[in-house]
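Before any comments, here is the structure.
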Amino acid sequence: MASNRNLLVLPGDGIGPEVMNEVRKIIAWMGKKRAVGFDIKEDLVGGAALDKHGVPLSDDAMKTALEADAVLFGSVGGPKWDTADFSKKPERGLLRLRKEMDLFANLRPAKVFDALVDASSLKPEIVKGLDIMIIRELTSGVYFGEPRGRHTNAKGEVEAFDTQRYTAPEIRRVCAVAFELARKRKNKVLSAEKANVMYTGVLWREEATKLHKESYSDVALSHMYADALAMQLLRAPKEFDVIVTDNLFGDILSDEASMLTGSLGLLPSASLGAPDATGRRKALYEPIHGSAPDIAGKGLANPIAQTLSYAMMLRYSFDLGKDADMVELAVENVLKAGYRTGDLLVGNTDGTKKVGTQEMGDAIVKELDRLV
Ligand code: IPM
Ligand code: MN
């Protein structure tokens with residue numbers, strides 16, 4: 001029977017296919033036990049697509065993504081493709097998806113599970129209870145600004161250049177997402193840029209301030225330079241609620257924030273477009289971690305970030321909040337019970353049980369069985 005939920009699965013490279021396999025178990029479980037079904041299509045992206053089609057994302061896959069209600073993405077890249085032409089690098093597949101689907105708002109939550117307080121490299125009192133949401137602008141800035149390239153300049157030197165560029169509407173639409181989300185959380189937004197040295201930073205601060213005044217004055221807004229924020233995130237991360245920033249700063253700051261939680265292997269993300277006339281947003285869900293080629297194919301990868309990305313999809317694309325809660329609770333309980341993939345085995349490991357990718361996935365499904 002058609003489910004009216006069209007999902008495109010793009011496992012990609014490295015550990016992507018392995019962690020996606022664990023999510024497939026949860027998808028199957030959801031279909032059987034909660035009647036949450038999907039019409040699933042699958043395709044190649046990244047190095048896998050490059051090997052087969054000579055491009056990191058085929059036009060066909062791009063079209064399927066544009067038609068899908070949601071895309072569940074694994075990870076791309078690896079040393080095998082290091083020498084690929086820049087325009088064909090595995091990462092370009094992901095960047096094309098983001099750009100052509102116009103997924104301008106990237107939600108990157110960083111939440112510390114109580115069971116993992118000791119896995120963080122920061123003191124427990126600094127990170128216990130941490131729950132922040134970084135909103136990264138995803139379709140503009142220096143990732144896409146023109147001109148970009150390399151050439152030999154008039155002095156005969158090789159020179160490379162990228163352009164950091166933002167329009168006022170691009171800044172406003174991502175800030176609006178931050179304000180809206182803050183209203184459902186602790187009602188605080190911190191906007192980060194480098195208004196002290198960059199024109200785009202000055203514009204960013206102006207537009208965030210204007211929008212706040214016009215439509216969101218009930219939300220507490222403050223501003224910080226991105227470098228100062230990098231420091232404050234380590235000093236007192238719990239002071240923050242929602243952080244909104246540009247594409248490049250968001251990339252860097254979200255990796256930093258993820259380490260507050262103990263591992264890059266835990267954190268999901270949602271990339272959202274603007275709502276259409278029916279309220280539907282194009283969306284792609286992916287873990288923050290990369291393809292981890294060093295551990296790929298060994299059954300060592302942590303499937304939690306991919307699992308939580310799936311939970312975010314249930315929540316944001318399909319309005320299945322209860323089912324999302326259930327998946328998140330199952331993950332939390334499995335961690336509480338002591339299950340740890342290798343990446344989580346730091347700090348105090350008393351009472352923990354080392355598991356591989358599949359065992360972690362199985363433990364989550366078993367916990368779902370217990371919860372239902
Ligand atoms: C991320 C990744 C990507 C980025 C790469 C794979 C293109 O690091 O999603 O954070 O730089 O945006
Ligand atoms: Mn990144």
Side-chain angles (χ1 to χ4, degrees), residues 10-17 19-20 44-50 55-57 61-62 65 71-82 84-110 132-145 148 162-164 166 170 174 192 226 229-230 233 243-261 263-273 283-294 296 301-302 305-306 308-309 312-313 343:
L10 297 172
D13 308 320
I15 62 171
V19 293
M20 197 65 87
L44 301 172
V45 67
L50 191 59
V55 283
L57 185 77
M62 187 66 241
V71 177
L72 191 60
F73 185 96
S75 53
V76 287
K80 183 177 173 196
W81 305 283
D82 274 354
D85 188 69
F86 185 75
S87 66
K88 289 189 175 170
K89 281 206 170 302
E91 290 77 4
R92 304 303 316 172
L94 175 57
L95 295 172
R96 181 178 179 197
L97 284 162
R98 289 174 179 171
K99 190 68 180 176
E100 292 191 25
M101 292 171 77
D102 199 18
L103 306 172
F104 65 92
N106 183 212
L107 280 50
R108 300 192 155 191
I132 58 183
M133 175 71 87
I134 296 187
I135 300 186
R136 167 188 177 192
E137 198 291 326
L138 203 60
T139 51
S140 186
V142 76
Y143 270 63
F144 296 99
R148 60 207 318 259
D162 299 281
T163 302
Q164 163 82 339
Y166 271 105
E170 283 171 343
V174 72
L229 174 58
L233 271 175
I243 293 171
V244 63
T245 190
D246 78 12
N247 204 340
L248 183 60
F249 294 143
D251 180 43
I252 297 167
L253 292 167
S254 61
D255 266 33
E256 185 192 359
S258 75
M259 277 320 287
L260 302 172
T261 71
S263 169
L264 208 53
L266 293 170
L267 297 191
S269 84
S271 305
L272 307 175
L284 179 146
Y285 299 85
E286 60 169 318
I288 288 184
H289 64 67
S291 57
D294 51 322
N302 185 347
Q306 191 77 59
L308 294 176
S309 299
M312 280 188 102
M313 178 187 89
D343 55 303

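All ligand and atom numbering here is 1-based and tracks the order in the structure.
Heavy atoms of R108 approach ligand 1 to within less than 4.0 angstrom.
For atom 11 (O) of ligand 1, the closest non-hydrogen atom on the protein side is Y143 OH, 2.5 Å. Looking only at heavy atoms of the protein, atom 10 (O) of ligand 1 is closest to D251 OD1, 2.9 Å.
Remark: ligand 1 atoms within the under-4.0 Å shell around heavy atoms of E91 are 6 (C), 7 (C).
Nearest heavy atoms, Q164 versus D246: NE2-OD2, 2.9 Å. Contact detail for P287 and A305: the closest heavy-atom pair is CB-CB, 3.6 Å. Shortest non-hydrogen contact noted between V19 and Q306 is CG2-OE1, 3.6 Å. In terms of heavy atoms, V76 sits closest to L94 at CG2-CB, 4.4 Å. Nearest heavy-atom pair across E286 and S271 is OE2-OG, 4.3 Å.
Stacking of R136 on the aromatic ring of Y143 is recorded, both the 6.0 Å distance cut-off and the 45° axial limit being met.
The N/O atoms of R98, backbone and side chain alike, include one that comes under 3.5 Å of an N/O atom in ligand 1. Between R136 and ligand 1, at least one pair of N/O atoms sits closer than 3.5 Å.
Proximity of a side-chain donor or acceptor of R96 to a complementary backbone N or O of M62 within less than 3.5 Å is not detected. Remark: side-chain polar atoms of S291 are paired, donor with acceptor, to backbone N or O of G77 under 3.5 angstrom.
At a cut-off of 2.8 Å, measuring from the Mn ion (ligand 2), the protein N, O or S atoms that fall short of it are D251 OD1, waters left aside.
In this view, D343 and S263, N302, T341 satisfy the side-chain hydrogen bond (donor to acceptor under 3.5 Å, both in side chains) rule, not counting sequence neighbours.
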